[in-house]
Amino acid sequence: MKPNPERKTRLAAAALLAAGFGLSVEAAHPLLTEDTGTQGLGKYQLELMVDRTRDHPPGATVRELQTTAVLSYGLMENADLQVGLPHLRKHAHDASGRHAGQGLLDTSLDLKWRFFEREALSLALKPGITLPT
């Protein structure tokens with residue numbers, strides 16, 4: 001019986017895929033950078049983000065789940081108003097038992113203004129304020 005080259009290729013691809021599932025991967029929403037793209041006059045965008053963390057300080061386990069909704073509205077073709085509303089759920093387990101809490105975090109209000117655009121280069125300014133809500 002002759003070896004089937006197509007079968008060998010499939011087996012090699014399956015082995016590579018299976019090996020990839022064992023790797024650890026991390027991703028995060030950018031904290032200090034953002035692209036210069038805007039929504040355009042009268043257009044909306046809703047971003048939904050989730051950050052999940054787990055920490056093990058001495059004698060305890062702490063888990064946090066932060067969800068954030070950011071609504072962007074195009075005030076002009078080159079300017080957006082953005083409102084961000086985060087929510088936090090926190091669970092801690094230690095020798096005294098389980099402690100849980102949740103609630104809204106501080107609301108953010110930002111204005112993104114793309115003030116320069118020429119060919120592939122564009123520059124923007126994004127001032128913002130965090131409101132103690």
Side-chain angles (χ1 to χ4, degrees):
M1 180 178 214
K2 278 184 155 180
N4 184 344
E6 186 177 316
R7 183 168 186 247
K8 283 185 178 182
T9 303
R10 279 193 225 146
L11 286 174
L16 284 173
L17 284 173
F21 285 113
L23 300 176
S24 177
V25 177
E26 292 186 32
H29 189 72
L31 299 176
L32 296 175
T33 63
E34 185 163 331
D35 64 68
T36 58
T38 54
Q39 303 310 310
L41 180 62
K43 296 182 182 172
Y44 294 88
Q45 175 180 295
L46 178 63
E47 290 181 75
L48 302 173
M49 294 163 278
V50 176
D51 289 318
R52 187 175 78 171
T53 60
R54 184 179 303 175
D55 193 15
H56 299 283
T61 299
V62 179
R63 292 181 304 162
E64 293 182 347
L65 180 69
Q66 181 175 330
T67 55
T68 305
V70 178
L71 179 65
S72 300
Y73 174 72
L75 296 174
M76 302 176 355
E77 284 300 317
N78 64 339
D80 287 348
L81 178 65
Q82 298 177 340
V83 179
L85 186 60
H87 182 271
L88 179 68
R89 293 179 67 182
K90 183 174 184 175
H91 297 272
H93 300 270
D94 59 18
S96 64
R98 179 175 182 256
H99 313 281
Q102 67 175 342
L104 294 175
L105 299 175
D106 294 343
T107 300
S108 63
L109 186 61
D110 302 307
L111 177 69
K112 180 169 40 169
W113 171 49
R114 187 178 60 249
F115 62 89
F116 179 83
E117 188 171 16
R118 183 176 299 152
E119 297 176 9
L121 177 65
S122 61
L123 301 173
L125 184 64
K126 187 181 172 189
I129 187 168
T130 302
L131 306 170
T133 54

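Transitive grouping of hydrophobic side chains (ILVMFWY, heavy atoms separated by less than 4.5 Å) keeps Leu41 and Leu111 in distinct clusters. Residues Leu71 and Leu85 are members of separate hydrophobic clusters, defined by side-chain heavy-atom contacts under 4.5 angstrom among Ile, Leu, Val, Met, Phe, Trp and Tyr. Note on Ile129: it clusters hydrophobically with Val83, by side-chain heavy-atom contacts below 4.5 Å among ILVMFWY residues. Leu109 and Leu104 end up in different hydrophobic clusters when Ile, Leu, Val, Met, Phe, Trp and Tyr side chains are linked at under 4.5 Å.
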Practice item. Walk me through it: do Glu117 and Thr36 pass the test side-chain contact (heavy atoms from CB on, under 4.5 Å)? Key: CA-CA 9 Å; Glu117 188 171 16; Thr36 58; over 6 Å; no
Check your understanding: Checking side-chain contact (heavy atoms from CB on, under 4.5 Å) for the pair Gln82/Gln45: CA distance, chi angles, key distance, verdict?
Key -> CA-CA 9 Å; Gln82 298 177 340; Gln45 175 180 295; over 6 Å; no
Exercise for review: Check step by step if side-chain contact (heavy atoms from CB on, under 4.5 Å) holds for Asn78 and Phe115.
Suggested key: CA-CA 7 Å; Asn78 64 339; Phe115 62 89; 6.0 Å; no
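Within 6.0 Å of atom NZ in Lys126, more than 12 heavy atoms from other residues, nucleotides or ligands are found, so the atom counts as buried in its surroundings.
Between Leu48 and Ala69 the shortest heavy-atom distance is CD2-CB, 3.8 Å. Listed here is the closest heavy atom pair of Leu121 and Phe116: CD2-CE2, 3.8 Å. The two residues Leu105 and Thr133 have their closest heavy-atom pair at O-OG1, 3.1 Å. Residue Asp80 comes nearest to Gly74 through the heavy atom pair OD1-CA, 3.3 Å, listed as atom of the first residue, atom of the second, then distance. Closest of all the heavy-atom pairs between Gln39 and Ser72 is CG-CB, 4.0 Å. Smallest separation of non-hydrogen atoms from Gly128 and Asp110: CA-OD1, 3.0 Å.
Side chains of Asp55 and Thr53 form no contact here, defined as non-hydrogen atoms less than 4.5 Å apart.
Within the model, atoms CG of Leu11 and CD of Glu6 stand 11.0 Å from one another, a figure rounded to the nearest 0.5 Å. Atom NE2 of His91 sits about 13.0 Å away from atom OG1 of Thr61, to the nearest 0.5 Å. Taking CG of Leu125 as the reference point, atom CH2 of Trp113 lies at 7.0 Å (rounded to 0.5 Å). Separating the CZ atom in Arg52 from the CD atom in Gln66 is a distance of 14.5 Å, to the nearest 0.5 Å. Expressed to the nearest 0.5 Å, how far CG of Leu123 lies from CZ of Arg118 amounts to 10.5 Å.
Checking Arg114 against Thr38 by side-chain atom types alone, a donor-acceptor pair falls below 3.5 Å.
Judged by distance alone, with hydrogens and angles left aside, the side-chain atoms of Glu64 form no donor-acceptor pair with the main-chain N or O of Lys90 at under 3.5 Å.
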